[in-house]
Amino acid sequence: MTEHSEVMQEETQIHSGAHVHRDDEGSKMAMWLFLFTELLLFGGLFLLYGSYRFEYADGFKAAAADMNSVIGAVNTLILLTSSLSVALSIAALQRKQKALALGMLWFTIICGLVFLVNKYFEWSHEIGMGIYPGGPALENMSNGEIIYFGLYYVMTGLHGLHVIVGMIFIGFVMFFISRDKITATNYQKLENAGLYWHLVDIIWIFLFPLFYLLH
Amino acid sequence: MSEQSQTAELTANQTYNAEHTNTNNGEHSVSYGTYFMVWLGLVALTSVTVTVAGIHLGSLTLITALLIAAVKTTLVGYHFMHLKFDNIIIKIFVMVCLGIFLCLWILTFADLSFR
């Protein structure tokens, strides 16, 4: 009898829990709307890339030939793997495997860090060669190459900022998971962090061939 | 007694599941294996992009690279971003947004090509 009443109480609690104002669908939709603004932000830059490539095809090809496509490919693999680990962390949390979910998110953050370290070495190498605004090497280049490197720094730089923001976002989500604020039945925040991280991955999926492979 | 508690537990679980379905975007537990397969597909497509870029296809190089990137994006969106399970309204939103984006490209290039 006591057991029964305990269950009843639990049921009531769960029932009242369902009335706590929480709209996962709305939260998800808001995240998607935000991602659409991100698409237009990067989309505008991609459009700029497309139009200038159309006008300065030779300059773009010459500039892309200088890029280190191995670092680009490695970074692609890193981001793809980090996308996998975010997806796995959601699946793990759904199965109430909190430790695994947190581990996967740690792995994602480490992937983000490795990506940024690679980017640092890459940029340092290019800046070291004098390719920077007002740099000696850039001044002797054709218009097409100058525009290419301008877009390269802006687009990969903006993407890098997004990687940093994504890592901070995931960091907050990890804090909430460890405090059981995000759980197997209430994981929309994790899902939203995942959506953001996947978007960052998708942008790189386009940046990689456009800047590293088309020469 | 134990039977009664079992039944009660079952009811509690059902209530729990019902609550789960209402709030957390439906029950969708994708197996870890599926995600690994999608990842393998993405890695394979990346190696295809790198290989194809080595072959000189002329003007087709850009189109091929963009097509492969589009396929990869679809894989990420459909499986990793769970569009597969999403409400139809979110799917429509995504399609409309991509449609607008495509229009921007078409209009810009229509302008550039006939200058």
Side-chain angles (χ1 to χ4, degrees), chain A residues 1 3-4 6-8 10-11 14-15 17-18 22-25 28-29 32-33 35-36 39-40 43-44 46-47 50-51 53-55 69 73 76-77 80-81 83-84 86-88 90-92 94-95 184-188 191 194-195 198-199 201-202 205-206 208-210 212-215, chain B residues 1 4-5 8-9 11-12 15-16 18-20 22-25 27-32 34-36 38-39 42-43 46-47 49-50 52-54 61-62 64-66 68-70 72-73 76-77 79-82 86-87 89-90 93-94 96-98 100-101 104-105 108-109 111-113:
Chain A
M1 192 59 199
E3 264 177 35
H4 188 252
E6 253 175 45
V7 171
M8 284 295 283
E10 202 181 313
E11 267 190 56
I14 290 163
H15 189 66
R22 203 182 100 208
D23 186 356
D24 288 341
E25 205 60 32
K28 191 198 293 176
M29 198 173 279
W32 272 106
L33 286 175
L35 295 189
F36 296 156
L39 179 76
L40 282 184
F46 277 115
L47 196 59
S51 338
R53 192 185 175 92
F54 188 79
E55 229 167 304
S69 56
T76 306
L77 291 181
L80 288 177
T81 312
S83 255
L84 170 71
V86 168
L88 289 178
I90 297 173
Q94 283 172 336
R95 289 166 173 75
T185 50
N186 182 6
Y187 55 84
Q188 189 55 46
E191 183 101 33
L195 285 177
H198 295 312
L199 178 93
D201 185 25
I202 286 174
I205 285 175
F206 282 92
F208 169 57
L210 290 181
Y212 294 83
L213 295 178
L214 298 175
H215 43 81
Chain B
M1 190 59 192
Q4 192 195 11
S5 69
E9 213 172 88
T11 330
T15 324
Y16 182 80
E19 193 246 357
H20 187 146
N22 283 338
T23 46
N24 246 322
N25 20 288
E27 186 82 43
H28 59 258
S29 37
V30 182
S31 71
Y32 295 138
T34 311
Y35 285 131
F36 271 107
V38 174
W39 176 77
L42 288 168
V43 172
T46 306
S47 56
T49 324
V50 175
V52 168
T61 321
L62 180 67
T64 325
L66 287 179
I68 294 172
K72 284 166 81 179
T73 303
V76 171
H79 291 283
F80 284 174
M81 294 170 102
H82 300 141
D86 272 339
N87 198 322
I89 194 76
I90 291 183
F93 273 20
V94 173
V96 168
C97 184
L98 290 177
I100 292 171
F101 187 53
L104 283 178
W105 273 84
T108 308
F109 275 87
D111 176 28
L112 282 175
S113 313

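Every value quoted in this text rests on a predicted model; they were computed, and no experiment measured them. Residue numbers begin at 1 in each chain, while the letters A, B, ... track the order of the sequences.
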**Message:** Distance check, rounded to the nearest 0.5 Å: Lys28(A) atom NZ versus Ile89(B) atom CD1?
**Reply:** 12.5 Å
**Asked** Where does Leu47(A) contact chain B at under 4.5 Å (heavy atoms): side chain, backbone, both or neither?
**Response** both
**Asked** For Thr73(B), is it the side chain, the backbone, both, or neither that has a heavy atom closer than 4.5 Å to a heavy atom of chain A?
**Response** both
**Request:** Examine whether an atom of Val43(B) lies under 4.5 Å from a heavy atom of chain A, and if so say whether it belongs to the side chain, the backbone or both; otherwise answer neither.
**Result:** both
**Prompt:** In Å, rounded to the nearest 0.5 Å, how long is the span from CZ of Phe36(B) to CG of Leu88(A)?
**Reply:** 5.0 Å
**Complete:** Per-residue tally against chain B (heavy atom, under 4.5 Å) across Gly50(A), Pro209(A), Ala73(A) peaks at Gly50(A)
**Fill in**
The interface call for Phe80(B) against chain A, heavy-atom contacts under 4.5 Å, is both
**Asked** Is there a side-chain contact between Phe36(A) and Val96(B), using heavy atoms and a 4.5 Å cut-off?
**Response** no
**Message:** If you define the side chain from C-beta out and look only at heavy atoms, does anything of Ile205(A) sit under 4.5 Å from Ile68(B)?
**Reply:** no
**Asked** Of all residues at least two apart in sequence or in a different chain, which pass the ring pair (Phe, Tyr, Trp, His ring centres under 6.0 Å) check with Phe109(B)?
**Response** Phe54(A), Trp105(B)
**Prompt:** Where on Val94(B) is there a heavy atom nearer than 4.5 Å to chain A: the side chain, the backbone, both, or neither?
**Reply:** both
**Asked** Of all heavy-atom pairs between Leu199(A) and Met81(B), which one has the smallest distance, and what is that distance?
**Response** N-CE, 4.1 Å
**Asked** Where does Ser113(B) contact chain A at under 4.5 Å (heavy atoms): side chain, backbone, both or neither?
**Response** both
**Item:** Close side-chain approach of Arg53(A) and Leu62(B), heavy atoms under 4.5 Å
**Value:** yes
**Asked** Which atom pair, heavy atoms only, marks the closest approach of Met29(A) to Ile90(B)?
**Response** CE-CG1, 4.1 Å
**Item:** Interchain contact, Tyr212(A) with chain B, by part (heavy-atom threshold 4.5 Å)
**Value:** neither
**Item:** Region of Thr81(A) in contact with chain B, defined by heavy-atom distances below 4.5 Å
**Value:** both
**Asked** What residues form a ring pair (Phe, Tyr, Trp, His ring centres under 6.0 Å) with Phe93(B), not counting sequence neighbours?
**Response** none
**Request:** With rounding to the nearest 0.5 Å, note down the distance linking OG1 in Thr49(B) to CG in Leu213(A).
**Result:** 7.0 Å
**Asked** To the nearest 0.5 Å, how far apart are CG in Leu42(B) and OG in Ser83(A)?
**Response** 8.0 Å
